[in-house]
Amino acid sequence: MTDPKDTINIENVVASTGIGQELDLQSVAMDLEGADYDPEQFPGLVYRTQNPKSAALIFRSGKIVCTGAKSTDDVHESLRIVFDKLRELQIQVNEDPEIVVQNIVTSADLGRNLNLNAIAIGLGLENIEYEPEQFPGLVYRLDDPEVVALLFGSGKLVITGGKKPEDAEHAVDKIVSRLEDLGLLE
Amino acid sequence: RLRKWQERIRTKDAGERNLQFALSEIDRMASALGVPRSVREVASVIYRRALKEDLIRGRSIEGVATSALYAACRKEGIPRSLEEISEVSRVERKEIGRTYRYISQELGLEMRPVDPKKYVPRFCSELELSEEVQTKANEIIEKTAEEGLLSGKSPTGYAAAAIYAASLLCNEKKTQREVADVAQVTEVTIRNRYQEQIEAMGIHG
DNA sequence: ACGTTACTTTTCAAAGC
DNA sequence: GCTTTAAAAAGTAACGT
């Protein structure tokens with residue numbers, strides 16, 4: 001009788017911020033160890049942090065995207081490292097740049113197998129996308145919270161598109177009660 | 001004013017030429033796949049609806065035409081896999097799949113997942129397997145799908161495994177390679193689905 | 001027949017083509 | 001629309017051994 005909510009795990013957090021200063025990415029790429037910069041391929045410079053593990057995309061405008069962190073705390077820690085690295089290169093970085101979480105990817109487990117065919121019909125074909133020839137997961141878009149859920153035959157699921165950890169909890173609650181109402185859980 | 005008239009005629013002609021091209025492509029692909037005329041008609045209707053709803057913007061005419069045909073085959077109960085469809089189209093499989101999902105969603109086609117049993121007659125006939133094998137394969141699909149084994153699995157691989165198992169049970173053995181070739185899946189997929197299916201059926205193979 | 005790697009889906013920001 | 005980055009889910013595929 002494990003509450004599916006207790007199985008929720010944050011797998012990835014995407015956030016954006018900015019140092020409030022324009023950057024010469026060419027010189028940052030020269031001085032910053034481990035930086036990947038190929039403007040022909042992508043306008044952002046890629047810098048990876050090891051602890052916590054994440055990847056930062058640094059742009060000419062001074063805006064930065066951080067992805068790969070496992071929590072919002074890790075996002076802040078990763079970006080603190082990036083800010084300090086830039087300061088070491090004599091680049092002015094704002095005191096406490098505002099960090100906005102843009103997306104949180106979560107996984108969870110409903111604890112029992114799912115009959116995706118029955119769920120597709122039950123939730124309504126107009127509300128879902130299920131094309132097992134192309135992808136094994138059933139795509140279910142929720143309005144509140146505004147997230148997208150991927151349901152698998154194993155009962156495991158992925159919740160993405162949320163901006164706060166509670167979004168995933170609410171989504172799992174709604175999915176569980178919806179499936180229970182339809183008699184499709186257990 | 002005369003220029004506007006000419007432009008309208010030019011646009012109208014271009015539009016009609018595009019529609020004619022799309023319909024002739026649907027016809028060409030349908031012939032190559034050997035599907036009945038009714039499927040081409042359903043595909044034409046879907047294409048015209050997509051055109052009317054302005055779903056072709058930002059997409060290729062061929063991509064929408066191919067996806068309309070793929071959807072029509074499924075709606076008519078004689079599905080062709082994306083792999084098979086892409087062989088007669090110049091549009092790649094991935095693009096056909098995503099365009100199909102888009103028009104299906106936008107037109108509210110409410111397509112049901114493909115039933116693997118729909119592939120059994122065609123695959124078995126290509127393998128020259130008897131009616132008995134087909135019936136057995138359908139039985140295997142029916143029973144194991146009820147137990148939830150079908151969730152997330154590709155219909156062609158599922159059908160292929162059931163046909164392989166049925167051919168063994170009916171002493172009309174086909175190799176995994178032979179079945180894999182007609183279903184256009186790998187032997188690995190047949191092996192994996194086959195193991196699950198015979199276990200669920202309580203067969204010893 | 002293994003094992004490994006890699007691709008499919010969803011989400012999001014960034015700047016530029 | 002595309003490009004890049006990360007991550008999970010499970011299925012399928014293509015390598016090499």
Side-chain angles (χ1 to χ4, degrees), chain A residues 7-18 22-23 25 36-49 52-71 74-75 78 99-110 113-114 116 129-142 146-163 167-168 171, chain B residues 57-60 81-83 93-95 97-98 101 150-158 160 176 180 183-193 195-196:
Chain A
T7 69
I8 293 177
N9 195 21
I10 294 178
E11 306 289 352
N12 184 25
V13 178
V14 181
S16 60
T17 187
E22 292 240 334
L23 291 168
L25 295 184
D36 285 340
Y37 181 48
D38 183 359
E40 304 273 285
Q41 190 173 86
F42 187 68
L45 179 153
V46 182
Y47 181 72
R48 286 161 226 274
T49 61
K53 193 180 162 198
S54 77
L57 305 178
I58 306 172
F59 297 88
R60 184 191 44 76
S61 63
K63 291 189 175 179
I64 299 173
V65 170
C66 178
T67 184
K70 294 278 183 195
S71 68
D74 282 358
V75 165
S78 292
I99 295 171
V100 180
V101 173
Q102 303 287 356
N103 179 30
I104 296 179
V105 182
T106 300
S107 65
D109 191 350
L110 299 181
N113 291 337
L114 302 176
L116 298 183
E129 267 190 72
Y130 177 47
E131 291 294 331
E133 186 184 350
Q134 299 185 56
F135 185 69
L138 182 152
V139 183
Y140 185 37
R141 287 162 208 280
L142 311 210
E146 202 174 310
V147 299
V148 174
L150 306 178
L151 309 180
F152 296 87
S154 63
K156 292 190 174 171
L157 60 148
V158 170
I159 306 284
T160 187
K163 303 233 182 266
D167 289 343
Chain B
R57 257 184 204 177
R59 259 160 281 270
S60 72
S81 67
L82 287 171
E83 202 61 52
R93 196 201 119 118
K94 185 177 169 183
E95 178 63 18
R98 74 164 64 175
R101 286 187 336 248
L150 179 57
S151 286
K153 272 80 164 199
S154 103
T156 47
Y158 207 86
Q176 293 180 358
Q184 294 190 286
V185 297
T186 64
E187 292 164 272
V188 179
T189 296
I190 293 191
R191 229 172 276 139
N192 292 337
R193 295 305 133 251
Q195 286 301 333
E196 293 174 354

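All chains are named by letter (A, B, ...) in the order of the sequence lines, taking the proteins before the strands, and each is independently numbered beginning at 1.
Across C/dA15, D/dA7, D/dA13, the shortest atom-to-atom separation from the side chain of A/Arg60 is found for C/dA15. For A/Lys156, the side-chain atoms get nearest to D/dA9 when compared with the rest of C/dT10, D/dA9, D/dA6. Taking every side-chain heavy atom of A/Ser154 into account, D/dA10 is the closest of D/dA10, D/dA7, C/dC12. The A/Asn103 side chain lies nearest to C/dC12 when the options are C/dC12, D/dG11, C/dT10. Among D/dA7, D/dA10, C/dA13, the nucleotide with an atom closest to any side-chain atom of A/Ser16 is C/dA13. Nearest to the side chain of A/Arg48, among D/dT12, D/dA6, D/dA10, sits D/dA6. Here the nucleotide nearest the side chain of A/Val65, chosen from D/dT12, C/dA13, D/dT3, is C/dA13. The listed nucleotides are C/dT9, D/dG11, D/dA7; the one nearest the side chain of B/Lys94 is C/dT9. Here the nucleotide nearest the side chain of A/Val14, chosen from D/dA9, C/dT11, C/dA13, is C/dA13. Nearest nucleotide to the side chain of A/Glu11, out of D/dG11, D/dT4, D/dA7: D/dA7.
Separation of the C1' atoms belonging to D/dA7 and C/dG3 is 24 Å when rounded to the nearest angstrom. On the P atoms, C/dC2 is 23 Å away from D/dA9, given to the nearest whole Å. For the P atoms, the distance from C/dT9 to D/dA13 is 15 Å, rounded to whole Å.
Not a single donor-acceptor pair, N or O on each side, falls under 3.5 Å between the base of C/dT10 and the side chain of A/Thr160.
Within the 4.0 Å cut-off from OP1 or OP2 of C/dT10, at least one side-chain nitrogen or oxygen of B/Arg101 is found. Between A/Lys163 and C/dT11 there is no side-chain N or O to OP1 or OP2 distance below 4.0 Å. Contact check, B/Thr186 against D/dA13: a side-chain N or O comes under 4.0 Å of OP1 or OP2. Within the 4.0 Å cut-off from OP1 or OP2 of C/dA14, not a single side-chain nitrogen or oxygen of A/Ser61 is found.
Toward the 5′ end of DNA chain D lies the nearest nucleotide of B/Gly58, the other residue of the pair A/Ser54 and B/Gly58 mapping further downstream. Nucleotides of DNA chain C nearest to B/Arg98 and B/Gln176 differ in position, and the one nearer the 5' end is that of B/Gln176. Each of A/Thr67 and A/Gly153 lies near DNA chain D, and the nucleotide nearest A/Thr67 is the one positioned closer to the 5' end.
The side-chain heavy atoms of A/Tyr140 and A/Tyr130, taken from C-beta on, include no pair separated by under 4.5 Å.
The number of heavy-atom neighbours closer than 6.0 Å to CD of A/Glu146, taken from other residues, nucleotides and ligands shown, is 12 or below.
Taking CD1 from A/Ile64 and CG from A/Leu57, the interatomic distance works out to 9.5 Å, rounded to the nearest 0.5 Å.
Within the nucleic acid shown, B/Arg59 has no heavy atom closer than 4.0 Å to any nucleic acid atom. When heavy atoms are screened at a 4.0 angstrom cut-off, A/Ser107 is found touching no nucleic acid atom at all.
Not a single donor-acceptor pair under 3.5 Å links the side chain of A/Lys163 to the backbone N or O of A/Asn103. Judged purely by atom type and a 3.5 angstrom limit, A/Glu133 uses its side chain to pair as donor or acceptor with the backbone of B/Leu82.
In this structure, B/Arg101 pairs ionically with A/Glu129, as a charged nitrogen and a carboxylate oxygen lie closer than 4.0 Å.
Between the C1' atom of D/dA8 and the CG atom of A/Leu150 lies a distance of 9 Å, rounded to the nearest Å.
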